[in-house]
Amino acid sequence: MQKILFLLVFIFLLGSCTYQYTDEDTFNMEGVKKIYLNVRSFEINRDNFKNFQADNLLINEINNKLLKNLEAWAWKKFTIRGRQNIANLSLLKIDTNLIEKRKKNNLIVSIIEQNKEIYNISLKFDLSISDNKSLIKTLKISSNLDLVLLDKHSLTQRDKVISYNISELIKLIDEKVDIQLNKDTFKQFVIK
């Protein structure tokens, strides 16, 4: 009887510890509308983020995914179509903070309502475009959103929730960039 119980527990644990590897870490680029810049070069300046490590591994994971997705988005979003002018996207802030951690001590309540952690993810960057006459136009973009993780999430579910929220943040950034670059201020740097 003990052997059967041990075997059942072992099979249950083995089955629950599987992880399905997927390639869903990057932002879905299908909805990104290209912007053709009248520049000869485009750079992403991420010097501030060479060694941005927090004490919390989950925060590091979120920040690294956000940085990876932002870079992928920028390379997809902007296409170079000019012979002069220079564009530089400078990352100013990628930050994730734990803003609330709820734990239920009551056993009955904890079965019904899960413990949860709420993180605030924020992103801020400047897109500067300069011409040969030292005219510099700078587009300042920032956005943030809250991410809620529950105790009941498995590792796979947690990764999907993080990826989804990062995608939503990139979509917010994408919309702001589209609106700002369509203004008259940037018309000499955007090819329509």
Over all heavy atoms of both residues, which pair between [X] and [Y] is shortest? Give the atoms and the distance, please.
X    : Y    : result
N38  : G82  : OD1-CA, 3.5 Å
D159 : E61  : OD1-OE2, 2.9 Å
I59  : Y119 : CG1-CE2, 4.0 Å
V39  : I129 : CG1-CG2, 3.8 Å
D95  : N63  : C-OD1, 3.7 Å
S128 : I136 : CB-CG2, 4.3 Å

* Modelled atom types, side-chain donor and acceptor of E43 and N88, under 3.5 Å -> no
* To do: Apply side-chain contact (heavy atoms from CB on, under 4.5 Å) to the pair F186 and T138, showing each step before the final yes or no.
  => CA-CA 9 Å; F186 293 97; T138 303; over 6 Å; no
* Evaluation steps, side-chain contact (heavy atoms from CB on, under 4.5 Å), between L58 and I162 -> CA-CA 10 Å; L58 181 60; I162 291 170; 3.7 Å; yes
* To do: Might you work through the side-chain contact (heavy atoms from CB on, under 4.5 Å) test for L66 and I170, ending with a clear yes or no?
  => CA-CA 8 Å; L66 180 56; I170 298 289; 4.1 Å; yes
Kindly compute the distance separating [atom1] ([X]) from [atom2] ([Y]), expressed to the nearest 0.5 Å.
X    : Y    : atom1 : atom2 : result
D151 : R158 : CG    : CZ    : 11.5 Å
T96  : N60  : OG1   : CG    : 9.0 Å
L169 : S143 : CG    : OG    : 5.0 Å
R83  : R40  : CZ    : CZ    : 12.5 Å
L91  : N45  : CG    : CG    : 7.5 Å
S167 : K160 : OG    : NZ    : 13.0 Å

* **Passing option when L67 is tested against I166, I94, L123 for side-chain contact (heavy atoms from CB on, under 4.5 Å)** => I94
* Structure fact -> With N165 as partner, the option from I62, V148, L145, L149 fulfilling side-chain contact (heavy atoms from CB on, under 4.5 Å) is L145
Close side-chain approach of [X] and [Y], heavy atoms under 4.5 Å:
X    : Y    : result
F125 : I173 : yes
F189 : N85  : yes
K124 : I141 : no

* K3 NZ: over 12 foreign heavy atoms closer than 6.0 Å -> no
* Asked: Is the closest basic N to carboxylate O distance between D178 and K33 below 4.0 Å?
  -> no
* Selection residues 135-149 - residue pairs positive for salt bridge (charged side-chain N to carboxylate O under 4.0 Å, His left out), sequence neighbours left out -> D126-K140
* Asked: Are W75 and L181 co-members of a hydrophobic cluster defined by side-chain heavy atoms under 4.5 Å apart?
  -> yes
* Does one hydrophobic cluster hold both I44 and I86, with members joined at side-chain heavy-atom distances below 4.5 Å? -> no
* Asked: What orientation do F78 and W73 show, parallel under 30°, tilted 30 to 60°, or perpendicular over 60°?
  -> perpendicular
* Taking K176 for the side chain and S142 for the main chain, is one N or O donor matched with an acceptor at less than 3.5 Å? -> yes
* Please check if the side chain of D131 supplies one atom and the backbone of K133 the other of a donor-acceptor pair under 3.5 Å. => yes
* To do: In sequence, state the C-alpha distance, the side-chain angles, and the governing distance for I121 and L147, and then conclude on side-chain contact (heavy atoms from CB on, under 4.5 Å).
  => CA-CA 7 Å; I121 307 171; L147 162 70; 3.9 Å; yes
* Asked: What residues form a side chain to side chain contact (heavy atoms under 4.5 Å, CB included) with Q157, not counting sequence neighbours?
  -> H153, S154
